[in-house]
Number of protein chains: 2
Amino acid sequence: MNSDKEKMLEERIDFLRTMCKLKGMRVTPQRIEIYKQVANSCEHPDAETVYEAVKEKMPNVSVDTVYRTLASLEDMDMIFRVDNQLPKARFDADKTPHHHFLCVKCNEVYDIFLESDEKIELPKNAERFGEIKDINVQIRGICNKCLQEQKNKQN
Amino acid sequence: MNSDKEKMLEERIDFLRTMCKLKGMRVTPQRIEIYKQVANSCEHPDAETVYEAVKEKMPNVSVDTVYRTLASLEDMDMIFRVDNQLPKARFDADKTPHHHFLCVKCNEVYDIFLESDEKIELPKNAERFGEIKDINVQIRGICNKCLQEQKNKQN
DNA sequence: TCCTTAATAAGAATGATTATTATTTAGTTT
DNA sequence: AAACTAAATAATAATCATTCTTATTAAGGA
């Protein structure tokens with residue numbers, strides 16, 4: 001039962017080890033486990049969710065470690081912060097270029113992958129302001145599930 | 001000295017009055033003043049900045065009123081929250097379609113206006129997820145001012 | 001194995017935002 | 001124009017995500 005998914009996760013963790021060494025950072029079990037949780041989830045978890053999941057395996061882990069580690073993983077571009085205009089930050093470990101659909105009703109975050117020929121153009125004027133690091137496209141609306149629930153209520 | 005800018009601000013406040021009545025909301029001096037502050041600024045102020053500015057004219061205004069009013073102005077699409085991945089929310093009353101350049105060094109927010117022939121395309125798959133309300137393009141990087149400062153330090 | 005120092009756990013502190021409650025007032029009705 | 005009523009407000013307490021402090025632990029090199 002060593003599925004493709006598990007094999008891929010192992011590869012990603014190896015990459016984390018490499019990156020840590022490269023940046024002179026220690027490879028701690030907390031770092032591994034916290035990264036695992038984000039990398040293995042499609043739910044764009046927030047810090048608290050990660051904390052709860054990690055606590056299952058490491059009951060003594062502290063909230064602070066989770067926040068600190070998420071921040072350092074972000075610094076080394078291993079994970080990204082999903083822009084959600086909400087008080088809780090949410091994280092994503094998927095490095096394939098994609099954007100997000102954010103439901104304003106239920107706050108669910110959906111991944112929008114671009115088709116192979118597709119590319120979001122930068123505004124022509126963007127470069128005038130400085131050196132661009134990344135572009136973040138957030139599409140807000142009401143997701144199908146919530147639209148359906150609205151309809152059901154009306155009947 | 002009744003400049004164009006002042007005239008335009010008056011028009012916008014009239015629009016606010018109309019919108020409030022339309023939505024059955026009361027037109028209070030606090031609402032007018034808070035909206036004025038956001039509408040009259042190009043700085044994408046945060047709640048505290050708005051609060052300080054409003055306090056000049058209305059010394060008894062409360063923080064809570066500022067937060068509550070900013071939220072209701074947002075609900076009625078009179079102002080928008082600028083996505084900045086920072087703890088303090090910042091607001092923008094400019095309804096002409098534009099995006100933002102956010103400096104990761106100094107947290108300054110710059111407006112990126114599209115040229116007349118320009119339009120940011122939605123990802124083809126975006127509509128699959130639900131009903132789209134708005135699209136938010138945030139470009140993060142280091143602004144010219146901070147780049148310059150970096151150069152100066154190196155010498 | 002020892003040593004150095006980065007990383008951690010625990011819990012206190014911070015800071016932005018929101019809730020509570022008594023009071024005021026906008027806008028309507030008399 | 002006075003009275004009414006619910007929405008909005010001021011004041012302050014509370015909340016909640018996140019960060020800081022400090023003593024302790026452990027990763028990785030010597």
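- Using a 4.0 Å heavy-atom cutoff across all strands shown, A/R31 reaches sugar-phosphate atoms only and no base atom.
- Between B/D77 and B/K133, none of the side-chain N atoms (NZ, or NE/NH1/NH2) sits under 4.0 Å from a carboxylate O, so this pair counts as no salt bridge.
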Next item on the list: Take A/H100 and A/D92 through the test side-chain hydrogen bond (donor to acceptor under 3.5 Å, both in side chains) and record every step on the way to the result.
Entry: CA-CA 11 Å; A/H100 293 111; A/D92 188 348; 3.1 Å; yes
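- As rounded to whole Å, 17 Å separates atom P of D/dA26 from atom CD of A/E33.
- Distance A/L86 CG to D/dC16 C1': 14 Å, rounded to the nearest Å.
- One interatomic measurement links the two molecules: CE of B/M58 to P of D/dT9, which rounds to 9 Å at whole-angstrom precision.
- A straight line from CZ of A/R81 to P of D/dA17 spans 15 Å, rounded to a whole angstrom.
- Residue B/P59 is classed as having no contact, given no heavy-atom separation below 4.0 Å to the nucleic acid.
- Separating the OH atom of A/Y67 from the P atom of D/dT21 is a distance of 18 Å, rounded to the nearest angstrom.
- At its two ends the helix from C/dT1-D/dA30 to C/dT30-D/dA1 runs along axes set 30° apart, each axis drawn from five pairs and the angle rounded to 10°.
- Comparing atom distances between the B/R26 side chain and each of D/dA17, D/dA11, D/dA7 picks out D/dA7 as nearest.
- Side-chain contact, A/H99 with A/D111: no donor N or O sits under 3.5 Å from an acceptor N or O.
- Looking only at distances, no side-chain donor or acceptor of B/N136 sits under 3.5 Å from a matching main-chain atom of A/I139.
- Using a 4.0 Å heavy-atom cutoff across all strands shown, A/V63 reaches no nucleic acid atom at all.
- Under the 30°/60° scheme for interplanar angles, the aromatic rings of B/F129 and A/F101 are found to be tilted.
- Taking atom CD of A/Q30 as the reference point, atom C1' of D/dA27 lies 11 Å away to the nearest angstrom.
- Looking at B/Q138, its side chain does come within 3.5 Å of a backbone N or O of B/D83 through a donor-acceptor pair.
- The CD1 atom of A/I32 sits 12 Å away from the C1' atom of D/dA27 (whole-angstrom rounding).
- Within 4.0 Å of B/D64, counting heavy atoms only, lies at least one base atom of the nucleic acid.
- Counted by atom type alone, A/T96 and A/D94 present one or more donor-acceptor pairs between their side chains at under 3.5 Å.
- Boundaries of the chain B contact region on DNA chain C are C/dA16 to C/dG27, first to last in 5' to 3' order (nucleotide atom under 4.0 Å from a heavy atom).
- In this structure, NZ of B/K55 is placed 10 Å from P of D/dA11, rounded to the nearest angstrom.
- A 6.0 Å sphere centred on CE of A/M58 holds more than 12 heavy atoms belonging to other residues, nucleotides or ligands.
- Comparing B/V27 and B/A71 by the nucleotide of DNA chain C that holds the closest heavy atom to each, the one mapping nearer the 5' end is B/A71.
- Side-chain contact, B/S72 with B/D75: no donor N or O sits under 3.5 Å from an acceptor N or O.
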